[in-house]
Amino acid sequence: MAHIVVLGAGLGGVPMALEARKELPKDHKITVISDSATFHFTPSNPWVAVDWRKPDQIKVELAPMFKKKGIDFIHAKAIKVKPEENAVALESGKLVTYDYLIIATGPELAFDEIEGLGPHGGHTESVCHVDHAAASNEVWQKFCDNPAPIVVGAVQGASCFGPAYEFAMILETDLRKRKIRDKVPMTFVTSEPYVGHLGLDGVGDTKGLLESEMRNRHIKWITSARVTKVEEGLMHVEEVNEDGTVKKTHELPFGYSMMLPAFRGIPAVRDVEGLVNPRGFILIDEHQRNPNFSNIFSVGVCVAIPPMENYAVPVGVPKTGFMIESMVMATARNIRDELAGKEARHVATWNAVCLADFGDGGVAFVAMPQIPPRNVNWSADGGWVHLGKIAFEKYFLGKIRSGVGEPFYERAVFDMLGIHKVKPKEKGDA
């Protein structure tokens with residue numbers, strides 16, 4: 001019997017544990033370690049921040065769901081991964097040993113890399129965590145009683161740009177619903193070289209669609225932006241040329257601001273030689289396996305992916321939901337094969353299917369694969385995207401509450417559309 005440990009219980013960890021339980025023989029033990037007792041549907045955080053959702057509506061209690069599926073759950077903080085000992089050290093002092101470890105922790109939010117950034121002692125809000133979003137909602141309600149300029153975006157080194165666009169548009173929609181939009185100048189500040197880059201050099205016409213959306217909503221923007229400091233009510237920004245020289249400096253007053261930070265690996269893995277890159281992200285090969293520790297795999301935002309290009313202002317690559325699910329499926333099948341004495345051979349497609357909600361519309365895109373060059377490079381907008389995002393939220397939370405990774409009908413639909421999570425099997429593959 002093998003012991004498979006999944007470290008993390010977010011958008012990567014929970015589907016990973018469920019998929020592993022489905023793929024692996026029942027005599028193998030699966031344990032999930034998480035510092036949170038609940039799963040949070042992170043894509044709904046922008047709605048929480050404007051009181052369109054309550055935090056409890058997007059949470060799922062993990063222990064009872066995992067118990068029902070025959071998965072052990074340890075609610076504890078991991079302080080160090082010890083590959084040489086095949087163990088994870090917990091804050092309590094306990095060591096959890098494993099035969100296989102799947103790291104799905106997500107990132108640490110690097111607010112401290114910019115003076116004054118973030119909700120913990122800084123001057124900007126966050127929608128990266130449901131607790132941040134809930135706290136931000138309190139700030140938002142007070143702001144609406146005393147409207148002022150808004151600054152929203154993503155700082156240098158950020159890799160998750162979609163939620164920044166979503167949140168800017170959702171704020172704008174909420175202001176119009178409250179009949180106070182005319183009192184609030186808005187500016188979008190991003191490290192991207194152009195609007196709609198998304199860390200992916202665009203998908204379809206995301207540049208044109210997002211620029212048009214912001215013009216229609218009277219949101220100004222600054223690209224290739226480096227935030228140097230944030231003071232209470234004032235953001236200092238350098239607009240940078242391609243050669244790295246400063247084109248223009250901006251001092252942007254604000255009454256409310258949300259800026260997505262750069263990410264880095266969590267402390268439990270960050271300094272483990274051979275496991276991570278300099279930012280603390282997990283090094284993996286094409287099979288989601290660490291090249292130095294063959295019994296460690298990784299999925300989700302915590303994996304190391306090189307940037308698209310070396311821009312004057314650093315721009316990271318996002319790890320989108322469907323892309324993470326493809327990592328999950330490949331990992332589960334590779335561990336299954338290794339336990340059966342076969343070579344790991346399953347490769348995730350890293351395809352991306354995204355719905356960016358704007359409160360009353362949105363932009364959808366499909367990138368196959370996520371990183372160019374692509375076989376499919378499509379984007380579209382419309383009111384249907386908002387409805388689609390609501391439906392997807394209900395569907396995904398329903399899956400997690402039921403303890404289901406991927407129902408057969410979901411796979412059938414994506415197969416019919418030609419959107420796959422794992423690259424086509426070679427002849428003779430199981």
- Query: Should the pair F396 and F392 be assigned to parallel (<30°), tilted (30 to 60°) or perpendicular (>60°) ring geometry?
  - Reply: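 Judged by the thresholds at 30° and 60°, the geometry between F396 and F392 is tilted.
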
- Query: Aromatic rings F39 and F41: how do their planes relate, parallel, tilted or perpendicular, breaks at 30° and 60°?
  - Reply: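 F39 vs F41 ring planes: tilted.
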
Under 3.5 Å, is there a donor on one side chain and an acceptor on the other for [X] and [Y]?
X    : Y    : answer
E61  : T38  : no
E213 : Y165 : no
N295 : N86  : yes
H346 : D337 : yes
Y256 : T124 : no
H3   : T97  : no
Y100 : E338 : yes
R289 : S298 : no
S257 : E125 : no

For the side chain of [X] and the backbone of [Y], is there at least one donor-acceptor N/O pair under 3.5 Å apart?
X    : Y    : value
R178 : R181 : no
T31  : V5   : no
D174 : I170 : no
S402 : G398 : yes
D285 : P291 : no
E406 : P15  : no

Taking all heavy atoms of [X] and all of [Y], pick out the closest pair and write down the distance.
X    : Y    : answer
V127 : A49  : CG1-CB, 3.9 Å
A104 : C302 : CA-SG, 4.0 Å
M186 : A168 : CE-O, 3.4 Å
S191 : V315 : O-CG2, 3.3 Å
C128 : L109 : CB-CD1, 3.6 Å
K69  : G403 : CE-O, 3.0 Å

Indicate yes or no: at least one non-hydrogen side-chain atom of [X] is less than 4.5 angstrom from one of [Y].
X    : Y    : answer
V32  : F66  : yes
I102 : L7   : no
L11  : P43  : yes
R333 : R345 : no
K67  : F73  : no
F322 : V366 : no
V313 : T223 : no
F254 : T187 : no

Salt-bridged, [X] to [Y], with N to O below 4.0 Å?
X    : Y    : answer
K142 : E138 : no
D360 : R217 : yes
K179 : D182 : no
E166 : K389 : yes
R264 : D112 : yes
R279 : E113 : yes

- Message: Among H420, Q288, K421, which residue satisfies the side-chain contact (heavy atoms from CB on, under 4.5 Å) criterion with M329?
- Response: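 Of the listed residues H420, Q288, K421, the side-chain contact (heavy atoms from CB on, under 4.5 Å) partner of M329 is K421.
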
- Report the residues that fulfil ring-ring contact (aromatic ring centres under 6.0 Å, His included) with H123, sequence neighbours left out, ordered by chain and then residue number.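 Per chain and number, H123 pairs via ring-ring contact (aromatic ring centres under 6.0 Å, His included) with no residue.
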
Output the distance between atom [atom1] ([X]) and atom [atom2] ([Y]), rounded to the nearest 0.5 Å.
X    : Y    : atom1 : atom2 : result
L117 : M259 : CG    : CE    : 7.5 Å
F161 : L260 : CZ    : CG    : 8.5 Å
E192 : T206 : CD    : OG1   : 8.5 Å
K77  : S92  : NZ    : OG    : 12.5 Å
D35  : I79  : CG    : CD1   : 12.5 Å
K342 : L339 : NZ    : CG    : 11.5 Å

- Message: For Y395 and E410: C-alpha separation, side-chain torsions, deciding distance, then whether side-chain hydrogen bond (donor to acceptor under 3.5 Å, both in side chains) applies.
- Response: CA-CA 11 Å; Y395 172 70; E410 178 183 319; 2.6 Å; yes

- Message: Using the rule given for side-chain contact (heavy atoms from CB on, under 4.5 Å), can you reason through V363 versus V385, listing the C-alpha separation, both sets of side-chain angles and the distance that settles it, and then say yes or no?
- Response: CA-CA 6 Å; V363 169; V385 179; 5.8 Å; no

- Residues two or more places apart in sequence or in another chain: which of them pass side-chain hydrogen bond (donor to acceptor under 3.5 Å, both in side chains) with R215? none

- Message: Apply side-chain hydrogen bond (donor to acceptor under 3.5 Å, both in side chains) to residues D357 and W47 and explain how you reach the verdict.
- Response: CA-CA 10 Å; D357 170 59; W47 293 341; 2.7 Å; yes

- Task: Flag the pair F263 / F281 as yes when their ring centroid distance falls below 6.0 Å, and as no otherwise.
- Result: no

- Query: Does K177 count as lying over the ring of W52, i.e. NZ or CZ under 6.0 Å from the six-ring centre, within 45 degrees of the axis?
  - Reply: yes

- Query: Does NZ belonging to K68 count more than 12 external heavy atoms closer than 6.0 Å?
  - Reply: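 For K68, atom NZ is crowded (more than 12 foreign heavy atoms under 6.0 Å).
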
